[in-house]
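Note sheet for the following structure.
For the numbers below, each heavy atom of this structure counts, side chains included, while hydrogens, waters and symmetry mates do not. What you are looking at is a predicted structure, and each value in this text was computed from that prediction instead of being measured.
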Amino acid sequence: MKDLILKLENEHFLKDDEFKALIENNNEKTDAFLAERAVYIREKIYGKDVYIRGLIEFTNYCKNDCYYCGIRKSNANANRYRMTEDQIIECCKTGYELGFRTFVLQGGEDGYYTDDKLVCLIKKIKSLYPDCALTLSIGEKSYESYKAYFDAGADRYLLRHETADLTHYSKIHPKNLSLQNRIQCLYNLKEIGYQVGCGFMVGSPFQTTESIIEDLKFIKTLNPHMVGIGPFIPHKDTPFKDFEQGSLRLTLRLLSIIRLMLPNVLLPATTALGTIHPLGREKGILSGANVVMPNLSPVENRGKYMLYNNKICMGDEAAECIMCMKRRMESIGYKVVLSRGDFKSN
């Protein structure tokens, strides 16, 4: 298995049967060697720096009904909210004063925020904080909408593809949503000039090893600047409430595989990782990740933006959150860097 890992490190890709052997490996020594090589590559490019992003979850309204998501349209138990422009700007102000230089505006696909409103908001944030990067994570939009946001000053866009396997996609999404459209959105974003992020849930219902291999092949072809993966965690008010959560070990293994596939990628240790294990984010960093995303949203909204059960960081103020994150990263020999944390190309 070591030969396979070294092949992946050197060639940045494997054949399907080789990926299958690595994904299904259940040997702790192999996992440790895989993580060791991923960390070596990550430190060669990014050193011991961990980039920090200020997450602002500004709306939990969504027009979609994805079967796995706690803010899906059909969830009548969701406590809905929308933040005003002033509230969003206040979050940026708080974050900026704490040293954040990247803000991530994340929300459901909420038609209340028209293109005009979003363009106005983006321009305002960029005029107030011109030295900051602005990331959007607001779902599928038209090419024209993406272009308008980019022209207004948005720098990055996160759009998890969720699965590149068409059969799997149809089992976790309603019929009105299309994998082809989602993938087209990602290519549109790249063409426009965004730093682009895709990603998927590990262990989502009906996922197979073959589905994951399709994800890895798609990620390699897209060649994104960021990849966000995290374990599937069920939400009590969705059709998938009784499914098992995704595996910590498999998620960490895939973080390492993705690092070796795309050495320069920005790779978050997600909140979901920290939710399924107290040291999940630290383990993510020690598997090749190099980004963490503390929450800048108002405390009263955090419990409402509930994509899955038992989400962590519900009560910490932003200042407490960042100090906690610094201590956590220092405890494993890394340091949080207060910069834009841009993608490093060769």
Side-chain angles (χ1 to χ4, degrees), residues 8-9 12-13 38-39 41-47 49-56 100-106 122 125-126 131-141 143 145-147 149-164 182-202 215-230 251 254-271 273 284-285 287-294 336-346:
L8 179 59
E9 180 180 340
H12 311 305
F13 203 60
V39 165
I41 292 299
R42 167 246 200 275
E43 290 188 4
K44 212 160 80 163
I45 298 162
Y46 291 102
D49 293 350
V50 175
Y51 296 142
I52 200 159
R53 318 299 199 201
L55 184 61
I56 303 169
F100 286 87
R101 294 298 179 264
T102 290
F103 304 122
V104 181
L105 293 184
Q106 180 173 297
I122 293 162
I125 292 171
K126 292 295 282 191
D131 55 332
C132 292
L134 182 60
T135 302
L136 302 178
S137 182
I138 51 176
E140 296 177 27
K141 306 282 185 180
Y143 186 98
S145 295
Y146 287 148
K147 184 76 166 63
Y149 310 152
F150 185 77
D151 291 344
D155 302 279
R156 305 172 185 149
Y157 204 103
L158 305 178
L159 182 68
R160 283 192 175 187
H161 64 281
E162 298 305 1
T163 175
R182 200 155 185 94
I183 286 173
Q184 186 59 56
C185 284
L186 284 161
Y187 280 105
N188 288 347
L189 289 160
K190 273 202 90 175
E191 183 183 313
I192 288 164
Y194 285 92
Q195 288 185 39
V196 175
C198 65
F200 60 94
M201 294 174 291
V202 178
D215 287 317
L216 296 176
K217 291 197 288 190
F218 168 68
I219 288 168
K220 184 66 178 176
T221 303
L222 178 67
N223 193 25
H225 308 85
M226 302 166 275
V227 177
I229 68 166
T251 304
L254 287 165
L255 282 171
S256 298
I257 288 170
I258 291 166
R259 172 60 67 199
L260 295 180
M261 270 176 46
L262 301 174
N264 298 70
V265 76
L266 294 165
L267 195 60
T270 61
T271 303
L273 258 183
I285 298 296
S287 298
N290 66 327
V291 174
V292 288
M293 298 170 72
V336 165
V337 178
L338 299 173
S339 71
R340 281 173 51 112
D342 285 302
F343 174 83
K344 290 187 180 179
S345 53
N346 290 329

>> One pair to check against side-chain contact (heavy atoms from CB on, under 4.5 Å): Leu273 and Thr251. What are the steps and the verdict?
In response: CA-CA 8 Å; Leu273 258 183; Thr251 304; 4.0 Å; yes

>> For a side-chain contact (heavy atoms from CB on, under 4.5 Å) check, start with the C-alpha distance between Leu255 and Ile257, then their side-chain angles and the critical distance, and finish with the verdict.
In response: CA-CA 6 Å; Leu255 282 171; Ile257 288 170; over 6 Å; no

> Which is it for Cys198 and Leu222 under the side-chain contact (heavy atoms from CB on, under 4.5 Å) test, yes or no, and what are the steps along the way?
Replying inline: CA-CA 9 Å; Cys198 65; Leu222 178 67; 3.8 Å; yes

>> Please evaluate residues Lys141 and Asn188 with respect to the criterion side-chain contact (heavy atoms from CB on, under 4.5 Å), reporting the C-alpha separation (whole Å), side-chain torsions for both, the decisive distance (0.1 Å), and the verdict.
In response: CA-CA 10 Å; Lys141 306 282 185 180; Asn188 288 347; over 6 Å; no

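Ile219 is listed as a side-chain neighbour of Met261, based on a closest heavy-atom distance under 4.5 Å. Looking at Gln106 and Ile138, their side chains never come closer than 4.5 Å, going by heavy atoms from C-beta outward. No side-chain heavy atom of Cys185 sits under 4.5 Å from any side-chain heavy atom of Tyr157. When side chains are defined from C-beta on, Thr163 does not count as touching Phe200, because their heavy atoms never get closer than 4.5 Å.
In this structure a side-chain-to-backbone donor-acceptor pair under 3.5 Å is present from Tyr194 to Tyr146. Judged by distance alone, the side chain of Arg53 and the main-chain N or O of Gly341 form a donor-acceptor pair under 3.5 Å. Counting only distance, with no hydrogens or angles, the side chain of Asn290 and the backbone of Val50 share no donor-acceptor pair below 3.5 Å. Looking at Thr221, its side chain does come within 3.5 Å of a backbone N or O of Lys217 through a donor-acceptor pair. Lys190 contributes no side-chain N or O that, together with a main-chain N or O of Pro224, makes up a donor-acceptor pair within less than 3.5 Å. Of the possible donor and acceptor atoms, none in the side chain of Arg182 sits under 3.5 Å from a partner among the backbone N and O of Glu140. Using modelled atom types, one side-chain atom of Arg259 and one backbone atom of Val265 make a donor-acceptor pair closer than 3.5 Å. A distance-only check finds a donor-acceptor pair linking the side chain of His161 to the backbone of Gly199 [under 3.5 Å]. Of the possible polar contacts, none joining the His12 side chain to the Pro263 backbone as a donor-acceptor pair under 3.5 Å is found.
Under the 3.5 Å distance criterion, with hydrogens and angles disregarded, a donor-acceptor pair is assigned to the side chains of Glu191 and Tyr143. There is no side-chain donor-acceptor pair under 3.5 Å between Asp342 and His225. Side-chain contact, Arg156 with Ser137: no donor N or O sits under 3.5 Å from an acceptor N or O.
Looking at every heavy atom in both residues, Ile229 comes nearest to Val202 through CD1-CG2, 4.2 Å. Taking all atoms of both residues into account, the shortest heavy-atom contact from Pro268 to Gly228 is CD-CA, 4.2 Å. The minimum heavy-atom distance linking Leu136 with Ala154 is given by the pair CD1-CB, 3.8 Å. Residues Ala269 and Ala289 come closest through the heavy atom pair N-CB, 3.8 Å.
Other residues, nucleotides and ligands place more than 12 heavy atoms under 6.0 Å from the NZ atom of Lys220.
Going from atom CD1 of Ile122 over to atom CZ of Phe103 covers 14.0 Å, rounded to the nearest 0.5 Å. To the nearest 0.5 Å, the span separating CD1 on Ile125 from CD1 on Ile56 amounts to 6.0 Å. Distance OH/Tyr149 to CD1/Ile192: 10.5 Å, rounded to 0.5 Å. Between atom CD of residue Gln195 and atom CG of residue Leu158 there is a gap of 10.0 Å, rounded to the nearest 0.5 Å. Taking CE of Met226 as the start and CD1 of Ile258 as the end, the distance is 14.0 Å to the nearest 0.5 Å. The structure places OH of Tyr46 at 6.0 Å from OH of Tyr51, a figure rounded to the nearest 0.5 Å.
Not counting sequence neighbours, the partners of Ile183 by the side chain to side chain contact (heavy atoms under 4.5 Å, CB included) test are Leu179, Tyr187, Phe218.
Of the options Val337, Ile52, Asp131, a side chain to side chain contact (heavy atoms under 4.5 Å, CB included) to Arg101 is made by Asp131 and by none of the others. Considering Thr135, Val292, Val104, Leu105 as possible partners of Leu55, the one that fulfils the side chain to side chain contact (heavy atoms under 4.5 Å, CB included) test is Val104.
In summary, Lys126 and Asp155 engage in a salt bridge, as defined by a charged side-chain N under 4.0 Å from a carboxylate O.
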